[in-house]
Amino acid sequence: MKNKKIFVTGASGFIGSHCIIDLLQHDYKVVGTIRDMSREKTLRKIFSKLELYNDRINFKKADLRNPEEVLSALEGCDSIFHLASPVPIVQPKTLNGISEIVNVAELGTLNVLKAAVKQGVDRVILTSSIATIYGSNHKETRFDHTDWADPEDKKLSPYALSKVLAERTAWDFCQNNSIDLTTIHPTLVLGPALEQDYGSSLEAIAKILKRDLPMIPNFGFEIVDVRDVASLHRIAMENPNSVRKRLIASKDFMWFKSIAEILDNAYPQRKIPKTLMPNLMSRALSILVPELKQIIKDLGKEKRVDTRNSMSLGWEPRDLEDTIIASAKSLVKLRVV
């Protein structure tokens, strides 16, 4: 198993990079896809600092919208981690913007799976999202792997819609083509950033550290460490009991106020605000702060998830306080905040 070569799409992304690190630490070989080959130098530098074997990874240029590039890059690989998908910090409002996100996610997934059939690869771990489980259902407070967001729901964000359609495409295709599929559904992914271009996941931590808001919105989320998301991908690939299962990756629910308190204890000199923002003020500020607008509907609501499918495989996510401190330390070290 350990000499197998794993194909990782979206290799330069936050989760993708950590998946590669986890695979290299467990003696796998990796082929990582990137659209811009100038990113290879930065990624290899990161892996070298972590004392990982750069000779066990090859980076290949592959725009997932281009089936020929995907097919060529996949040659010689044994399993697939398909992570690449557009993740906008601010959701697009135009029909063209929405269509682009949806089409890229769905087409990219289909091209990867078609290449898998042609190259004889029958094991795929697809990174979906908790958004495909939550949807826009604000009445429920408990969710598990059997829950599905409704793609016909007009309230569904473009990102959530793209993930739902991409996942449904994957399940349909794999069922019809004898591919063993597992989907991973991370909640809010925090943990150590590896470079200044850290994507959208750590934006909440960065905003709290920079004191961008005078108070903390009355909002919380299920959270998971990026390193644990990476390990769940590998554990799922190694364990046949994960085949045809949707695995939720989450440690626990935490209010943003608790996050602010942890960060304030770690960085008292920053005088991080910990006072709860009244919901009325949050709604008013959301007009000026696009990120706030995305959470208005869930102010004061506690959504929890069932991770028994994931835990049954032997997956053990770390404590969230460690995750939050690691997130902050990395952003400070990288001089993001």
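In this structure, K303 is positioned above the aromatic face of Y134, its NZ or CZ under 6.0 Å from the six-membered ring centre and within 45° of the axis.
Partners of R211 under the side-chain hydrogen bond (donor to acceptor under 3.5 Å, both in side chains) rule, at least two apart in sequence or in another chain, do not exist in this structure. Evaluation of the side-chain hydrogen bond (donor to acceptor under 3.5 Å, both in side chains) rule for N218 yields no partner, not counting sequence neighbours. Under the rule for a ring-ring contact (aromatic ring centres under 6.0 Å, His included), the partners of H18 that lie at least two apart in sequence or sit in another chain are F14. By the side-chain hydrogen bond (donor to acceptor under 3.5 Å, both in side chains) test, W255 pairs with no residue at all, sequence neighbours left out. When the ring-ring contact (aromatic ring centres under 6.0 Å, His included) test is applied to F256, the partners found at least two apart in sequence or on another chain are F219. In terms of the salt bridge (Lys or Arg N to Asp or Glu O under 4.0 Å) criterion, residue partners of D180 (sequence neighbours excluded) are, by chain and number, R244. Remark: D144 pairs with T146 by the side-chain hydrogen bond (donor to acceptor under 3.5 Å, both in side chains) rule, at least two apart or across chains. Take H233 and apply the ring-ring contact (aromatic ring centres under 6.0 Å, His included) test, not counting sequence neighbours, and it matches F81. Every residue two or more places apart in sequence or in another chain that forms a salt bridge (Lys or Arg N to Asp or Glu O under 4.0 Å) with R304 is listed here: D252, E302. Judged as a salt bridge (Lys or Arg N to Asp or Glu O under 4.0 Å), and not counting sequence neighbours, the contacts of R39 are E195. Listed by chain and number, the residues in a side chain to side chain contact (heavy atoms under 4.5 Å, CB included) with A11 are I20, I34, F59 (sequence neighbours excluded). In this structure, F7 has no ring-ring contact (aromatic ring centres under 6.0 Å, His included) partners at least two apart in sequence or on a different chain.
Shortest non-hydrogen contact noted between D322 and R227 is O-NH2, 4.4 Å. When all heavy atoms are compared, the tightest approach of K274 to D264 is NZ-OD2, 3.1 Å.
With contacts defined as side-chain heavy-atom distances shorter than 4.5 Å, the pair P217/S282 qualifies. Counting only heavy atoms from C-beta outward, the side chains of I125 and T127 never approach each other to under 4.5 Å.
Contact check on R246 versus E167 returns a salt bridge, with a Lys/Arg side-chain nitrogen under 4.0 Å from an Asp/Glu carboxylate oxygen. In summary, D22 and R234 engage in a salt bridge, as defined by a charged side-chain N under 4.0 Å from a carboxylate O. A salt bridge links D212 to K207: one of the charged nitrogens lies within less than 4.0 Å of a carboxylate oxygen. Electrostatic pairing of K251 and D228 does not count as a salt bridge here, judged by no charged N lying under 4.0 Å from a carboxylate O.
At a cut-off of 3.5 Å, with distance as the only test, a side-chain donor of T109 or H82 sits close to an acceptor on the other residue. Of the N and O atoms on the side chains of E222 and S250, at least one donor lies less than 3.5 Å from an acceptor on the other residue. Looking at H185 and T132, their side chains do bring a donor and an acceptor atom within 3.5 Å of each other. In this structure, a donor-acceptor pair under 3.5 Å is absent between the side chains of T183 and S128.
Around NZ of K245, the count of heavy atoms belonging to other residues, nucleotides or ligands within 6.0 Å exceeds 12. Counting heavy-atom neighbours within 6.0 Å of K118 NZ, excluding the residue itself, gives a total of 12 or less.
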* Evaluate the side-chain contact (heavy atoms from CB on, under 4.5 Å) criterion for residues L285 and M277: first the C-alpha distance (whole Å), next the side-chain angles of each, then the deciding distance (0.1 Å), finally the verdict. => CA-CA 10 Å; L285 280 177; M277 181 182 294; 3.7 Å; yes
